There are 2 protein chains.
Amino acid sequence: MSQFSGSQLSGTAPGGGGENLLFLTDEQLRKGIEAMFFAYRGFTADPDRILETMDYGRAHHRAVHFIHRSPGTTVSNLLGILGVTKQSLNRVLRSLIDDGHVRSEKGRRDGRERHLFLTEKGEAMEKSLSDAQRARMRAAYRAAGPVAVQGFRQVLEAMMDPGLRDYYNRLRDGA
Amino acid sequence: MSQFSGSQLSGTAPGGGGENLLFLTDEQLRKGIEAMFFAYRGFTADPDRILETMDYGRAHHRAVHFIHRSPGTTVSNLLGILGVTKQSLNRVLRSLIDDGHVRSEKGRRDGRERHLFLTEKGEAMEKSLSDAQRARMRAAYRAAGPVAVQGFRQVLEAMMDPGLRDYYNRLRDGA
DNA sequence: AACTTACGTCAGCCTTGTTGACTTTCCAAG
DNA sequence: CTTGGAAAGTCAACAAGGCTGACGTAAGTT
C-alpha cells in the first residue's frame, strides 16, 4: 500500500545546480539508524543460532572469520581489527586452539609473533557459519538488486572509522 | 587507483532477458559481510563514547531511542522490539527511571500496562546521543549520494527478520 | 471465582568486554 | 653484549548485559 512513502528519502536542492546537496532531515537519518539496528540483528541471527549449539559466541565467529580471511595473520593484527584487548581475544583464541579449530604457529622471521591458521576442522566450522550468513546476504542482495547493492556498500564504507576503512579496502582489493 | 575494482559487484545473466539473476560470488558476499561488521563498529562508536561518560551502555541507548521514537510505548512492546528478556530490560529501565531520564505511567485503559516516556532530562540525553549518531549518518549519506542511500536502505530492509521488518515499516510510515 | 496477562523482582549463571600486573621470548639499537 | 621495547601469554578481579527459573502482585477476562 503505502510502500512509496519511503521515497521521501532524499533529493537535490531546488534550483541548486544538481550538486550533491542533500536534504537530510533528522527523521530520514533516524530511519537509517533504525535500519542499521534491525538489519544488524538479522545479520547476526543465523550464525548466532549455529554458534550456540557448539558453546561458542560471536567473539569466536569474528576471530574465525578473520583468520579464515587472512590466514597466517598475527595476534596483534587481529587485536587491531577486532578492537578488543589481548586478554579478551586470548580467552577466545585459547578455546579455539584447544578445540582444534585454530593452529598457532611461531613466526619464522620474527619468533615473537604467532601466525594463526584454521585447521581443517576450523575451516569446516567457518564454512557452516559463513554459509548461513551468506545465504541471508544473497537473499537480500537479490531482493534489492545490483544498483541497491552498490549503494549499500558505498554508504557502509563511508560510515566506517578511517583506520578500519583502510583495513577493509585492503581486504577488498585482495590481500 | 584501484577504486574501480569494487565494481565487480554484480551483474545480470548474459543472455538472461534482463531479469534479476545476479552473479553473487562468495567473495562478493563476504565483502558485504565485512562491510556490515566494520560499519556497525563506526555506527555505534560515537554514542558509545558519550554513554561511557555517564555510566550507561548500549542497552540504555537502545531503550531511550525507542521510547523517544514511540512515546507511551509499553514495556512488553519494548521487549518485542529489543529482543531481550524482561529481567534484562528491567535492569536498564530501572536505572533510567531512578536517574530521572524515563517516566513510567500506569495505563488508564489497561492498568496492568506501564507507558514509558522520556523526561525533559531524558530527551536532552537522547538528543545528545542521536546528534552524534546522526552526524555520522549524515556524513556517510552525503559522501555516498542519494542513489546510494536508497540502495542502502533497500538492502538493509531485505536483511531484516520479517517481524522486525514489519515493525520497522510501521515506524517508517509514521506511527 | 478462576484464569491469564503485564509487570517487577530476587537469585544465580554465562559470555565477553575491561584493567592491572607479571613473565617469557625475541628483535634491534646502542 | 647489553639493554630497551615489542609481541605474546597468563593470572586475577571486575562490570555490563545477556540468560533462566521462580515468585509475587495488580488488573483485566472468562
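Residue numbers start from 1 in every chain, and the chains themselves are labelled A, B, ... in the order their sequence lines are given, proteins ahead of strands. Model, not experiment: these values are computed from the prediction.
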Using a 4.0 Å heavy-atom cut-off, does [X] contact any base of the nucleic acid, only the sugar-phosphate backbone, or nothing at all?
X: B:Ser76; answer: sugar-phosphate
X: B:His60; answer: sugar-phosphate
X: B:Arg58; answer: sugar-phosphate
X: B:Thr85; answer: base

Between B:Met137 and B:Tyr141, is a side chain to side chain contact (heavy atoms under 4.5 Å, CB included) present by the stated rule, with each step listed?
-> CA-CA 6 Å; B:Met137 283 297 271; B:Tyr141 275 18; 3.6 Å; yes
Could you tell me if the ring centre of B:Phe37 sits under 6.0 Å from that of B:Phe43?
->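 So the answer is no for these two rings.
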What about the rings of A:Phe66 and B:Phe38, do their centers lie closer together than 6.0 Å?
->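 Ring centres of B:Phe38 and A:Phe66 closer than 6.0 Å.
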Please say which of B:Arg69, B:Arg153, B:Arg165 ends up in a salt bridge (Lys or Arg N to Asp or Glu O under 4.0 Å) with A:Glu34.
->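 When salt bridge (Lys or Arg N to Asp or Glu O under 4.0 Å) is applied between A:Glu34 and each of B:Arg69, B:Arg153, B:Arg165, only B:Arg69 qualifies.
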By nearest nucleotide on DNA chain C, pick out whichever of A:Ser88 and A:Gly111 is the more 5' one.
->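 First, find each residue's nearest nucleotide; the 5'-ward one identifies A:Ser88.
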A:Gly107 vs B:Lys86, nearer the 5' end of DNA chain C by closest nucleotide =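 Counting from the 5' end, the first nearest nucleotide belongs to B:Lys86.
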Of all residues at least two apart in sequence or in a different chain, which pass the salt bridge (Lys or Arg N to Asp or Glu O under 4.0 Å) check with B:Arg58?
->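 With sequence neighbours excluded, B:Arg58 shows a salt bridge (Lys or Arg N to Asp or Glu O under 4.0 Å) to B:Asp48, given in chain and number order.
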Walk along DNA chain D from 5' to 3' and tell me the first and last nucleotide with an atom closer than 4.0 Å to a non-hydrogen atom of chain B.
->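 Footprint of chain B along DNA chain D, 5' to 3': D:dG17 to D:dG28.
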On DNA chain D, check which nucleotide each of A:Leu79 and B:Arg109 is closest to and give me the residue with the more 5' one.
->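 Whichever sits nearer the 5' end wins; that is A:Leu79.
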Mind checking which nucleotides bracket the chain B contacts on DNA chain C, 5' to 3', with an atom under 4.0 Å from a heavy atom?
->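 On DNA chain C, the outermost contacted nucleotides are C:dT5 to C:dC10.
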Show your reasoning for whether side chain to side chain contact (heavy atoms under 4.5 Å, CB included) applies to A:Leu51 and A:Leu129.
-> CA-CA 8 Å; A:Leu51 285 159; A:Leu129 290 170; 3.7 Å; yes
Before giving the answer on side chain to side chain contact (heavy atoms under 4.5 Å, CB included), spell out for A:Arg41 and B:Leu164 the whole-Å C-alpha distance, their side-chain angles and the decisive distance to 0.1 Å.
-> CA-CA 9 Å; A:Arg41 288 265 299 275; B:Leu164 289 175; 3.4 Å; yes
Evaluate the side chain to side chain contact (heavy atoms under 4.5 Å, CB included) criterion for residues B:Arg138 and A:Asp26: first the C-alpha distance (whole Å), next the side-chain angles of each, then the deciding distance (0.1 Å), finally the verdict.
-> CA-CA 9 Å; B:Arg138 189 178 294 113; A:Asp26 282 4; 3.6 Å; yes
